[in-house]
Amino acid sequence: MLEAIIVLLIIIGICAWVLLSPLLTKWRRNRIRNKPFPGRWQTFIEQNFLFYHRLPQSLQPKLQGYIAVFLAEKQFIGCGGLQITEEIKLAIAAQACLLLLNDSGDYYPNLVSILVYPSAYRVKPTKRISDYVVEERDEVRLGESWTRDQLVLSWEQIEYDMQNWQDGHNVVLHEFAHQLDQGDGMINGVPKLESKTDYLTWAQVFTQEYQQLQSDAQRGRKTVMNKYGATEPAEFFAVATETFFEKPTQMVRKHTVLYRQLKHYYKLDPLEWT
Ligand SMILES: [Zn+2]
């Protein structure tokens with residue numbers, strides 16, 4: 001009898017936790033969002049991100065709220081001797097949260113830690129050639145997004161990107177676009193969308209544009225998007241995101257439908273910021 005009561009209490013406890021946990025998270029996030037945004041954070045963002053001034057007025061406090069929660073929830077780890085500063089955290093948070101303004105990213109739920117190296121870092125990925133041979137090659141990377149709760153970035157590259165917003169390259173936007181893509185557990189260049197129709201349109205537009213970039217890359221044609229986007233659909237989405245935010249004028253001219261699709265997804269129009 002006692003055992004049955006204990007089991008029942010455990011089941012009730014688990015059910016209560018499952019039901020209450022999202023409410024508690026929502027309450028905690030609202031509390032963080034409603035706190036005044038620190039003046040020095042605001043100054044840093046205003047001085048380093050021109051897009052902030054151009055955002056519609058209603059979106060500035062919304063971005064601040066996202067940044068505050070992001071900073072409260074994510075763990076930043078300095079690697080290779082790098083000391084994590086407020087500046088590093090804000091630089092990453094401001095750009096990562098720009099991608100959340102459409103309210104569909106849910107604070108990158110799979111992401112726990114952000115590892116930051118002082119500059120480009122070396123990794124030794126292994127590639128299985130056969131059952132007996134494993135190839136190990138040295139690779140230099142600027143960033144990567146892992147499905148298992150970590151994302152890696154180079155601070156030197158982030159600083160460079162902040163000073164060169166319109167060159168079409170942005171390691172933070174790139175890696176966090178991968179996080180959005182991975183949100184549904186699949187790495188296929190398709191983030192979580194609002195409706196069935198959105199998925200159909202997305203597949204149509206992205207497949208066509210991806211194939212076009214592959215063809216342009218093979219033929220050595222000049223492209224608005226980085227040719228790295230032609231390597232696989234997931235990279236195409238990440239590169240398209242960088243281009244959308246950093247080179248909207250060129251993108252809308254050469255890839256009007258793709259631009260429109262990204263504008264619909266991110267619920268932002270970077271053309272208005274130029
Ligand atoms: Zn990538």
Side-chain angles (χ1 to χ4, degrees), residues 74 77 79 91-100 102 104-105 108-117 119-127 137-162 164-193 202-203 205-207 209-214 216-218 223-248 251 255 258-259 261-262 265-266 270:
K74 305 301 178 197
I77 301 170
C79 302
I92 296 169
Q95 298 173 84
C97 291
L98 184 63
L99 306 188
L100 297 178
N102 61 2
S104 71
Y108 307 106
N110 302 329
L111 180 66
V112 178
S113 316
I114 299 154
L115 279 61
V116 192
Y117 281 86
S119 55
Y121 54 95
R122 278 183 185 283
V123 288
K124 267 187 192 284
T126 50
K127 188 179 166 194
R137 268 181 313 163
D138 243 14
E139 257 182 49
V140 177
R141 289 186 185 167
L142 300 171
E144 61 196 293
S145 175
W146 298 348
T147 39
R148 57 166 196 280
D149 71 24
Q150 288 187 331
L151 189 144
V152 193
L153 294 165
S154 144
W155 174 234
E156 192 178 58
Q157 187 61 37
I158 297 171
E159 280 188 301
Y160 179 85
D161 291 341
M162 278 159 54
N164 296 276
W165 183 262
Q166 291 174 330
D167 66 357
H169 300 284
N170 187 302
V171 70
V172 177
L173 296 180
H174 184 103
E175 301 306 336
F176 279 90
H178 280 319
Q179 281 290 317
L180 292 176
D181 181 11
Q182 292 160 11
D184 57 3
M186 287 184 286
I187 309 171
N188 55 3
V190 188
K192 202 172 134 212
L193 302 174
W202 188 280
V205 174
F206 273 73
T207 305
E209 292 280 353
Y210 174 58
Q211 287 169 351
Q212 183 64 52
L213 186 63
Q214 282 188 315
D216 290 345
Q218 278 161 9
T223 54
V224 176
M225 278 180 279
N226 190 313
K227 293 188 174 85
Y228 182 58
T231 52
E232 53 183 292
E235 295 306 341
F236 182 78
F237 170 54
V239 167
T241 294
E242 292 176 84
T243 317
F244 174 72
F245 283 103
E246 295 215 348
K247 291 162 91 177
M251 193 184 209
H255 306 273
L258 179 62
Y259 184 88
Q261 189 65 33
L262 287 165
Y265 170 66
Y266 283 115

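Excluded from the calculations below are hydrogen atoms, water molecules and symmetry mates; all remaining heavy atoms, backbone and side chain alike, are included. Ligands are counted one by one from 1 in listed order, and the atoms in each one are counted from 1 as well.
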Under a 4.5 Å cut-off applied to non-hydrogen side-chain atoms, are Leu193 and Pro191 in contact?
yes
Does Tyr117 reach the side chain of Glu156, with side-chain heavy atoms less than 4.5 Å apart?
no
Are the side chains of His174 and His169 in touch, meaning some heavy atoms are under 4.5 Å apart?
no
Do any protein N, O or S atoms sit under 2.8 Å from the Zn ion (ligand 1), and which ones are they?
His174 NE2, His178 NE2, Glu235 OE1, Glu235 OE2
Can you spot which of Phe176, Tyr266, Trp165, Tyr259 makes a ring pair (Phe, Tyr, Trp, His ring centres under 6.0 Å) with Phe245?
Tyr266
So which heavy atom on Gln150 is nearest to which on Leu111, and how close?
C-CD1, 3.9 Å
Between Val172 and Asp161, is there a side-chain heavy-atom distance shorter than 4.5 Å?
no
